[in-house]
Amino acid sequence: MEQKNHSGRFITFEGIDGAGKSTHIQFVTDLLRADNRQVVVTREPGGTVLGEKLREMLLHDKMNLETEALLMFAARREHIAEVIEPALQRGDWVISDRFTDASFAYQGGGRGLDLHKMRQLEEWVHPHLQPDLTLLFDVSPEVAQARLEAARSPDKFEREKSGFFNRVRDEYLRRAKEFPDRFRVIDSSRSIEAIRETIKGLIGELG
Ligand SMILES: Nc1ncnc2c1ncn2[C@@H]1O[C@H](COP(=O)(O)OP(=O)(O)O)[C@@H](O)[C@H]1O
Ligand SMILES: Cc1cn([C@H]2C[C@H](O)[C@@H](COP(=O)(O)OP(=O)(O)O)O2)c(=O)[nH]c1=O
């Protein structure tokens, strides 16, 4: 994987809602801490006091699509400045439940925002920062939906229909092909145990 000018590592977890990201973040954190790594676990939208306020609005209030994209990137700007960059400078490992790929997938693929506008926002907000590793938890919307229904009440995004999640999934998979060096696609229709084994191998590759 590409070398960066920091000694920490930046790992992002992506996938449609209900794909299993949260389930495996704890596992990866435990794995790294057992190996004496300093780990910062965070999430988007959110991760800072301001970002969590923006998250509340983003997950529950109806808004214009461009407003939604801009607020995602505003929360991200704060998150990078306050949490991600300082942690990487210290040499910590940063695990983020979602990052910019989610904006491409949800606001771009899912809702149809012009990807060119998204690239401009990315170039503005983090021209030089990219994850070292992105774990894409890939599963059909039907399986994800069934898991979610058993688990929790839905937010604004989770109430979307399977057509929306198919577009989100397709955009994630398109990006995985575009950036094969950092993306690893995980078949999340398998058991939690089988997925853990796959993840163990992938984290090991990071050194
Ligand atoms: N591989 C799996 N097999 C069966 N159930 C799973 C699997 N992975 C996650 N789950 C369950 O599915 C639900 C959604 O998982 P979660 O990790 O919260 O997804 P996400 O964070 O991607 O939205 C949870 O109840 C979790 O226990
Ligand atoms: C980071 C990000 C998240 N989202 C959406 C995806 C999710 O539906 C929602 C919150 O993500 P997530 O934290 O995965 O939700 P939960 O805690 O319920 O598992 O925000 C976007 O639409 N664009 C983005 O850029």
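By convention here, the first residue in the shown sequence is residue 1. Since the model is a prediction, treat every value here as computed from it, not as a measurement. Remember, it's 1-based here, ligands and their atoms both numbered in the order they're listed.
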Taking [X] for its side chain and [Y] for its backbone only, find out whether a donor-acceptor pair lies under 3.5 Å.
X: Arg55; Y: Pro45; answer: yes
X: Ser188; Y: Ile186; answer: yes
X: Asn64; Y: Glu66; answer: yes
X: Arg182; Y: Thr134; answer: no

Requested in this report: Report yes or no: does a heavy atom of Gly15 sit under 4.0 Å from some atom of ligand 1?
Outcome: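 No, Gly15 has no heavy atom closer than 4.0 Å to ligand 1.
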Proximal atoms of ligand 2 relative to [X] (non-hydrogen, under 4.0 Å):
X: Asp155; answer: 18 (O)
X: Arg76; answer: 1 (C), 25 (O)
X: Phe157; answer: 5 (C), 8 (O), 9 (C), 20 (O), 22 (O)
X: Lys21; answer: 14 (O)
X: Glu44; answer: 1 (C)
X: Ala102; answer: 1 (C), 2 (C), 23 (N), 24 (C), 25 (O)

Going by distance only, is there an N or O of [X] that falls short of 3.5 Å from an N or O of ligand 1?
X: Arg190; answer: yes
X: Ser191; answer: no
X: Gly18; answer: yes
X: His24; answer: no
X: Ile195; answer: no
X: Asp17; answer: no

Report task. May I ask you to identify, for Pro45, whether its side chain, its backbone, both or neither come under 4.0 Å of ligand 2 on a heavy-atom basis? Result ->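 Within the 4.0 Å criterion, Pro45 contacts ligand 2 through backbone and side-chain atoms alike.
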How far is [atom] from its nearest protein heavy atom, and which residue and atom is that?
atom: atom 19 (O) of ligand 1; result: Gly20 N, 3.1 Å
atom: atom 18 (O) of ligand 1; result: Arg152 NH1, 3.1 Å
atom: atom 10 (N) of ligand 1; result: Arg147 CD, 3.9 Å
atom: atom 10 (C) of ligand 2; result: Leu59 CD1, 3.9 Å
atom: atom 25 (O) of ligand 2; result: Ser103 OG, 2.5 Å
atom: atom 21 (C) of ligand 2; result: Met72 CE, 3.2 Å
atom: atom 22 (O) of ligand 1; result: Lys21 NZ, 2.6 Å
atom: atom 21 (O) of ligand 1; result: Ser22 OG, 2.5 Å

Query raised in the report: Is it true that Glu56 and Lys53 have a side-chain N and a carboxylate O under 4.0 angstrom from each other?
Result: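 Judged by the 4.0 Å cut-off on N to carboxylate O distance, Glu56 and Lys53 do not form a salt bridge.
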Query raised in the report: Any ion pair linking Arg175 and Glu14 (charged N to carboxylate O, less than 4.0 Å)?
Result: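 Looking at Glu14 and Arg175, the cut-off is not met.
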Query raised in the report: Which of the atoms in ligand 1, numbered in the order shown and given with their element, are less than 4.0 Å from a heavy-atom of Ala151?
Result: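 Counting atoms of ligand 1 from 1, those under 4.0 Å from Ala151 are 25 (O).
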Requested in this report: Show which atoms of ligand 1 fall inside a sub-4.0 Å distance from at least one heavy-atom site of Thr23.
Outcome: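 Counting from 1, the qualifying ligand atoms are 9 (C), 15 (O), 16 (P), 17 (O), 26 (C).
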Report task. Count the heavy atoms belonging to other residues, nucleotides or ligands that lie under 6.0 Å from NE2 of His116, then report whether that count exceeds 12. Result ->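 Atom NE2 in His116 is not packed in, count stays at 12 or less.
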Requested in this report: Using a cut-off of 6.0 Å, state whether more than 12 heavy atoms not belonging to Lys156 lie near its atom NZ.
Outcome: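 Yes.
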Query - Polar contact flag for Ser22 and ligand 2 (N/O pairs, less than 3.5 Å) - result: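 Between Ser22 and ligand 2, no N or O pair is found under 3.5 Å apart.
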Report task. Output, in order, the C-alpha distance, side-chain angles, deciding distance and verdict of side chain to side chain contact (heavy atoms under 4.5 Å, CB included) for Leu133 and Arg9. Result -> CA-CA 8 Å; Leu133 174 66; Arg9 293 283 186 279; over 6 Å; no
Query - Closest to atom 7 (C) of ligand 2 (judged by heavy-atom distance), picking from Ile16, Leu148, Asp17 - result: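 Selected option, by shortest heavy-atom distance: Asp17.
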Report task. Return the option from Arg55, Glu158, Gln107, Arg98 holding the heavy atom at the smallest distance from atom 17 (O) of ligand 2. Result ->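 Heavy atom nearest to atom 17 (O) of ligand 2 belongs to Arg55.
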Query - Ring centres under 6.0 angstrom apart (Phe13, His24) - result: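 Centroid distance Phe13-His24: not below 6.0 Å, so no.
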**Report entry** Members sharing Phe183's hydrophobic cluster (side chains within less than 4.5 Å)
**Finding:**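 Joined to Phe183, directly or through intermediates: Ile16, Leu50, Leu54, Met57, Leu58, Leu59, Met63, Leu71, Met72, Tyr106, Leu136, Val139, Val143, Phe157, Phe164, Phe165, Val168, Tyr172, Leu173, Phe179, Val185.
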Report task. Check each of Arg190, Arg169, Arg184 against Asp138 using the salt bridge (charged side-chain N to carboxylate O under 4.0 Å, His left out) test, and report the only one that passes. Result ->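 Exactly one option meets the salt bridge (charged side-chain N to carboxylate O under 4.0 Å, His left out) with Asp138, and it is Arg169.
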Query raised in the report: Between CG of Asp132 and CZ of Phe10, what distance do you get to the nearest 0.5 Å?
Result: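 If I round to the nearest 0.5 Å, the distance is 8.5 Å.
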